[in-house]
Asker: 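Take this structure first; my questions come after.
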Amino acid sequence: QAQLVESGGGSVQAGGSLRLSCSASTYFNGDNCLGWFRQNPGKEREGVAAINIGGGRTYYDDSLKGRFSISRDNAKKAVYLQMNSLKPEDSAMYYCAARRTSCGGIWSLSSPYTVWGQGTQVTVSS
């Protein structure tokens, strides 16, 4: 099965930055969508951002737009999540996910995504 491999998580102080990476070579073709989600124990997984591989249109959670930025590198077949001005409430396990349809208006729903990475932990201290 096609795999997604995340990296780049870690611990940072409030106000700092991190860049998460997701290696997704199998999904760099066609009209696929790659998304970033995050989850804390006991809470629902929430959509952070997503990007259409074909065309590059991006989607964001409104509360995160301006601090977080999603991008793709076609040559490296990777998707990135740049996170700036991090806050303690951004602490979570972050997951990369893929689906073989374009993102569209339901990009933040986790159920349409068929493949998930193992997650990378982000911890922001105050």
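Please read these numbers as outputs of a predicted model, since none were measured by experiment.
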Asker: To the nearest 0.5 Å, what is the distance between CG (Leu109) and CD1 (Ile106)?
Answerer: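 Going from CG on Leu109 over to CD1 on Ile106, the span is 5.5 Å.
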Asker: According to ring-ring contact (aromatic ring centres under 6.0 Å, His included), who are the partners of Phe37, at least two apart in sequence or on a separate chain?
Answerer: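 Counting only residues at least two positions away or on another chain, Phe37 forms a ring-ring contact (aromatic ring centres under 6.0 Å, His included) with Tyr113, Trp116.
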Asker: In the single-linkage hydrophobic clustering (I, L, V, M, F, W, Y; side-chain heavy atoms under 4.5 Å), do Leu64 and Val124 co-cluster?
Answerer: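 In one cluster: yes.
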Asker: At their closest point, which heavy atom of Ser17 faces which heavy atom of Ser85, and how far apart are they?
Answerer: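 Of all heavy-atom pairs spanning Ser17 and Ser85, the closest is OG-N, 4.2 Å.
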Asker: Any chain of hydrophobic side-chain contacts (each under 4.5 Å) joining Ile70 to Val122?
Answerer: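 Yes, same cluster.
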Asker: Verify, without hydrogens or angle tests, whether Thr120 (side chain) and Tyr94 (backbone) share a donor-acceptor contact under 3.5 angstrom.
Answerer: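 Between the backbone of Tyr94 and the side chain of Thr120 there is no qualifying donor-acceptor contact (under 3.5 Å).
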Asker: Going from OG on Ser102 to CG on Asn32, what distance comes out if it is rounded to the nearest 0.5 angstrom?
Answerer: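 The CG atom of Asn32 is 9.5 Å from OG of Ser102, to the nearest 0.5 Å.
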Asker: Between Arg38 and Leu81, is there a side-chain heavy-atom distance shorter than 4.5 Å?
Answerer: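 Answer no - side chains too far apart.
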Asker: Counting distance only, does the side-chain N/O of Asn40 pair as donor-acceptor with the main-chain N or O of Ser91 below 3.5 Å?
Answerer: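 Yes, Asn40 side chain to Ser91 backbone: donor-acceptor pair under 3.5 Å.
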Asker: Can you tell me how far the CZ atom of Arg45 sits from the OG atom of Ser108, to the nearest 0.5 Å?
Answerer: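 Those atoms lie 13.5 Å apart.
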Asker: Distance check, rounded to the nearest 0.5 Å: Gln39 atom CD versus Glu46 atom CD?
Answerer: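 Those atoms lie 9.0 Å apart.
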Asker: Could you tell me the separation between the CD1 atom of Ile51 and the OH atom of Tyr59, rounded to the nearest 0.5 Å?
Answerer: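 Nearest 0.5 Å value for the CD1-OH distance: 10.0 Å.
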Asker: Sub-3.5 Å donor-acceptor pair from the side chain of Asn52 to the main-chain atoms of Gly54, do we have one?
Answerer: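 Flag not set: sc Asn52 to bb Gly54 has no pair under 3.5 Å.
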Asker: Just do the side-chain contact (heavy atoms from CB on, under 4.5 Å) check on Glu6 and Gln118 with the steps written out, would you?
Answerer: CA-CA 7 Å; Glu6 302 109 329; Gln118 80 286 355; 2.8 Å; yes
Asker: Out of curiosity, Arg19 CZ to Gln82 CD, how far, rounded to the nearest 0.5 Å?
Answerer: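 Atom-to-atom, Arg19:CZ and Gln82:CD are 7.0 Å apart.
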Asker: At their closest point, which heavy atom of Trp107 faces which heavy atom of Ala50, and how far apart are they?
Answerer: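 The pair with the smallest heavy-atom distance is CE3-CB, 3.6 Å.
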Asker: Assess whether side-chain contact (heavy atoms from CB on, under 4.5 Å) is satisfied between Tyr27 and Leu4, documenting all intermediate values.
Answerer: CA-CA 9 Å; Tyr27 291 90; Leu4 304 175; 4.0 Å; yes
Asker: Looking at every non-hydrogen atom in both residues, tell me the closest pair between Leu18 and Leu86 and how far apart they are.
Answerer: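 Minimum heavy-atom separation between Leu18 and Leu86: N-CD1, 3.8 Å.
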Asker: Can you run down the disulfide (SG to SG under 2.5 Å) pairs that involve residues 55-126, sequence neighbours left out, and say none if there aren't any?
Answerer: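 Of all non-adjacent pairs touching residues 55-126, those that pass disulfide (SG to SG under 2.5 Å) are Cys22-Cys96, Cys33-Cys103.
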Asker: Are Val48 and Met83 packed together at the side-chain level, in the sense that at least one heavy-atom pair is separated by less than 4.5 angstrom?
Answerer: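 With C-beta onward as the side chain, the pair stays apart.
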Asker: If we only count heavy atoms from C-beta on, is the Arg100 to Thr26 side-chain gap below 4.5 Å?
Answerer: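 A side-chain contact under 4.5 Å exists here.
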Asker: Step by step, work out the side-chain contact (heavy atoms from CB on, under 4.5 Å) result for Asp61 and Phe68.
Answerer: CA-CA 9 Å; Asp61 178 273; Phe68 287 20; over 6 Å; no
Asker: Would you name the heavy atoms of Tyr60 and Ala49 that are closest together and state the gap between them?
Answerer: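 Closest approach of Tyr60 to Ala49, heavy atoms only: CD2-CB, 3.7 Å.
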Asker: Would you check if Leu34 and Arg72 make a side-chain contact, meaning some heavy-atom pair closer than 4.5 Å?
Answerer: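 Contact flag for Leu34/Arg72 side chains = no.
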